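The block underneath contains the structure these notes are about, expressed in structure tokens.
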Amino acid sequence: MQTPTYAPTTLAAELRLSTNWLDYLILGIYFVAVLGIGFAARRSVKTSLDFFLSGRSLPAWVTGLAFIAANLGATEILGMAANSAQYGVYTTHWYWIGAIPAMVFLGLVMMPFYYGSKVRSVPEFLLLRFDRGAHLLSSILFAFAAILIAGVNLYALAIVVEALLGWPEWVSIVVAGFFVLAYITLGGLSSAIYNEVLQFFVILAALIPLSILGLKRVGGWDGLSDTLTASKGDNFMTAWGGTGIGSDNPLGANWLTIVLGLGFVLSFGYWTTNFAEVQRALSAKNLSAGQRTPLIAAYPKIFIVFLVMIPGLVAAALVPRFGTPESGYQYNDAIPYLMRELLPNGVLGIAVTGLLAAFMAGMAANVSSFNTVFTNDIWSKYVVRGREDTYYVRFGRLVTAVGVLASIGTAFLASSFSNIMSYLQTLFSFFNVPMFVVFIIGMFWRRASMKSGFWGLLAGTTAAMVNYFVIYKQDVIDIPTDQGANFVSAIAGFVAGAVVMFAVSLFTAPKPADDLQGLVYGTRSPGMEEPPAEGDDAWYRRPALLGWGAVVLAAACYIPFSF
């Protein structure tokens with residue numbers, strides 16, 4: 001899951017990199033490759049299904065890598081390194097507790113509903129399961145959030161490039177926005193996905209040498225651990241130390257809020273209902289490939305935490321009181337600082353390209369999901385209905401341009417108002433968690449009525465906002481940090497949405513049983529492919545899928561308790 005805090009607002013002025021022609025050559029080759037993939041993908045776009053979901057034709061390994069690359073955006077790279085510099089090994093919770101279980105759940109349990117129902121988006125599933133009210137509200141909320149998050153990626157890119165390379169912010173914003181617009185408009189989702197596969201390897205090529213050279217500088221893991229334990233205390237290099245209920249720790253959260261707030265409601269809300277991620281799985285060539293998409297992505301997710309955590313830890317070890325005014329650096333400076341200190345030219349160009357790739361992947365994921373939801377779930381269903389398929393392809397390209405321009409506007413807005421960053425950090429608890437509770441109750445409780453979806457979504461979003469802006473911001477209840485407040489907001493949104501859904505369902509009519517086929521657990525969609533004997537297609541009867549999930553979960557459960 002993306003970190004909900006510490007997206008950068010400024011970087012230290014002295015972080016300017018000594019780049020030369022070799023670094024810029026590598027950067028130029030990357031941009032040429034990005035546009036080349038867009039032109040190549042254009043040939044395969046003939047229908048709206050091709051443009052918005054790659055014709056449901058991609059192999060699992062491609063969609064799996066795109067699934068994880070779409071998450072490697074601004075807050076993932078810089079934000080997780082910043083978290084590590086401030087909180088230490090607590091950062092592992094956003095991966096092994098706050099991502100892996102939800103990704104496995106998406107693949108094993110939820111993808112049969114998504115893929116089997118043949119929906120083109122997550123909000124469209126709510127239309128089938130509930131009613132138009134739930135569908136329209138979820139579509140508007142998601143489209144709004146997608147543009148805001150895309151703008152954050154652009155703004156973060158701009159301030160990083162300005163600090164490292166000296167480009168003005170507006171140049172960075174416009175250049176990156178142009179390239180994302182070009183390759184998505186040309187090739188649709190296929191272009192975005194294949195570029196995300198390329199970006200995944202570029203990001204790894206940037207982070208791996210940075211982590212290895214950083215560890216070498218501080219004397220390996222043992223040297224790093226000894227240095228930080230001496231300066232930060234015994235719990236800094238542990239995942240669970242100091243998280244007992246009533247104990248104080250820098251994270252401002254105990255094991256209960258970590259497991260329930262982050263590990264359940266925030267994590268499951270993000271990974272199972274965020275269409276920017278689910279869209280990659282829906283583009284797979286069949287249900288099996290769709291289910292394997294998040295499972296394949298879960299493997300690198302287990303280990304990527306080290307590549308973003310180690311730079312933050314190394315920065316904290318090399319610079320006394322890193323992140324405080326006395327040090328001259330913010331926590332967000334961890335990766336740029338190490339790039340300047342450790343990387344030679346050539347490798348430096350790869351690292352800068354990797355950062356640009358990370359920001360562009362995050363932006364492209366949100367823009368491609370925005371154009372799909374706006375075109376299919378808002379425009380074609382409520383504004384202009386029943387037009388020919390080519391019209392919606394043309395409109396999708398137009399909306400892509402609108403989405404990129406809106407993201408550029410959001411990026412400039414973020415540069416003008418510093419508090420916009422804190423607001424954006426709470427988006428997942430506001431929007432994804434209420435949507436998750438509506439999904440999970442709708443999928444497993446047949447009695448959930450058509451009207452309960454809308455009211456549950458509205459109540460959950462409202463409760464999360466009230467907790468954050470009233471109870472937390474007005475100090476009604478003392479919550480130590482924004483992180484802790486986000487966890488509590490997520491729990492409040494989940495509980496409020498669930499309670500309202502149950503209450504509304506008791507007084508309103510359920511959906512007819514025939515309309516629930518393939519939408520509620522235990523029923524079969526008429527469109528599901530190759531139906532075997534009754535009950536034989538359940539995830540727990542499929543050894544290959546179960547094996548994938550078991551291995552991923554076992555690794556995710558073992559590793560954090562070894563710290």
Side-chain angles (χ1 to χ4, degrees), residues 2 48 51-53 70-71 73 114 119-128 130-155 177 180-181 184-185 188-189 192 269-280 282-283 362-385 392-414 420 423-424 426-436 438-439 453-454 457-458 460-462 464-465 493:
Q2 291 178 315
S48 61
F51 186 80
F52 295 116
L53 284 181
N71 180 242
Y114 284 142
V119 296
R120 293 192 177 194
S121 70
V122 168
E124 189 177 357
F125 185 88
L126 293 183
L127 175 63
L128 298 181
F130 295 102
D131 61 7
R132 292 167 67 89
H135 172 250
L136 182 59
L137 178 60
S138 64
S139 300
I140 293 172
L141 291 177
F142 177 81
F144 178 68
I147 291 301
L148 289 177
I149 297 172
V152 169
N153 278 277
L154 261 184
Y155 176 54
V180 171
L181 170 63
I184 295 180
T185 302
L189 184 63
Y270 176 82
W271 290 104
T272 65
T273 65
N274 182 17
F275 185 52
E277 300 292 339
V278 176
Q279 186 180 26
R280 275 73 194 146
L282 286 177
S283 66
M363 180 185 177
N366 284 283
V367 170
S368 61
S369 59
F370 166 79
N371 69 22
T372 301
V373 168
F374 193 90
T375 302
N376 291 326
D377 293 287
I378 297 176
W379 193 260
S380 68
K381 286 186 169 62
Y382 299 99
V383 183
V384 178
R385 292 177 289 182
Y392 294 111
V393 174
R394 292 196 303 271
F395 185 81
R397 289 195 164 104
L398 174 63
V399 167
T400 301
V402 171
V404 170
L405 291 175
S407 300
I408 291 175
T410 303
F412 283 118
L413 182 66
I420 192 69
Y423 172 72
L424 292 177
T426 64
L427 277 178
F428 297 140
S429 63
F430 287 175
F431 301 135
N432 291 97
V433 170
M435 193 176 295
F436 170 65
V438 172
F439 266 86
F454 171 84
L457 184 59
L458 183 62
T461 302
T462 302
M465 290 182 175

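Note that the coordinates shown come from a computational prediction; the quantities given were computed from them, not determined experimentally. Heavy atoms only: backbone and side chains are in, while hydrogens, waters and symmetry mates are out. Residues take their numbers from the sequence shown, with the count starting at 1.
Using a 4.5 Å heavy-atom cutoff, the side chains of L398 and R394 are not in contact. Between F395 and V383, the closest side-chain pair of non-hydrogen atoms is not below 4.5 Å. Counting heavy atoms from C-beta on, the side chains of K381 and R132 never come closer than 4.5 Å. By the 4.5 Å heavy-atom criterion applied to side chains, F130 and H135 are not counted as neighbours.
Remark: the S121 side chain and the N376 side chain contain no N/O donor-acceptor pair separated by less than 3.5 Å. Between S368 and R280, the side chains place a donor N or O and an acceptor N or O closer than 3.5 Å (distance only, hydrogens not considered).
Between N371 and G396, the shortest heavy-atom distance links the atoms CB-O, 4.0 Å. Between V122 and F275 the shortest heavy-atom distance is N-CD1, 3.6 Å. In plain terms, the two heavy atoms of A70 and A276 that are nearest each other are CB-O, 4.3 Å. A146 and F370 get closest at one heavy-atom pair: CB-CB, 4.1 Å. The two residues S407 and A150 have their closest heavy-atom pair at OG-CB, 3.3 Å. For the pair I147 and G403, the tightest heavy-atom approach, listed with the atom from each and the gap, is CD1-O, 3.5 Å.
Every residue two or more places apart in sequence or in another chain was checked for a side chain to side chain donor-acceptor pair (under 3.5 Å) with T272, and none qualifies. By the side-chain contact (heavy atoms from CB on, under 4.5 Å) test, L136 is found to be paired with I140, Y382, residues two or more places apart in sequence or in another chain being considered.
Side-chain atoms of S380 come within 3.5 Å of backbone atoms of T375 as a donor-acceptor pair (strictly under, hydrogens ignored). A donor-acceptor pair under 3.5 Å is absent between the side-chain atoms of N366 and the main chain of S369, judged by distance alone. Judged by distance alone, with hydrogens and angles left aside, the side-chain atoms of Q279 form a donor-acceptor pair with the main-chain N or O of F52 at under 3.5 Å.
Annotation: the span from E277 atom CD to Y270 atom OH amounts to 4.0 Å, rounded to 0.5 Å. Note that CG of N274 is 6.5 Å distant from CD1 of I149, once rounded to the nearest 0.5 Å. The structure places OG of S139 at 8.0 Å from CG of L126, a figure rounded to the nearest 0.5 Å.
Separation of the F439 and F125 ring centroids falls under the 6.0 Å cut-off.
Ring orientation note: the planes of W379 and F374 are close to parallel, at an angle under 30° on the 30°/60° scale.
If you run side chain to side chain contact (heavy atoms under 4.5 Å, CB included) between L53 and each of T372, V119, L282, only L282 comes through.
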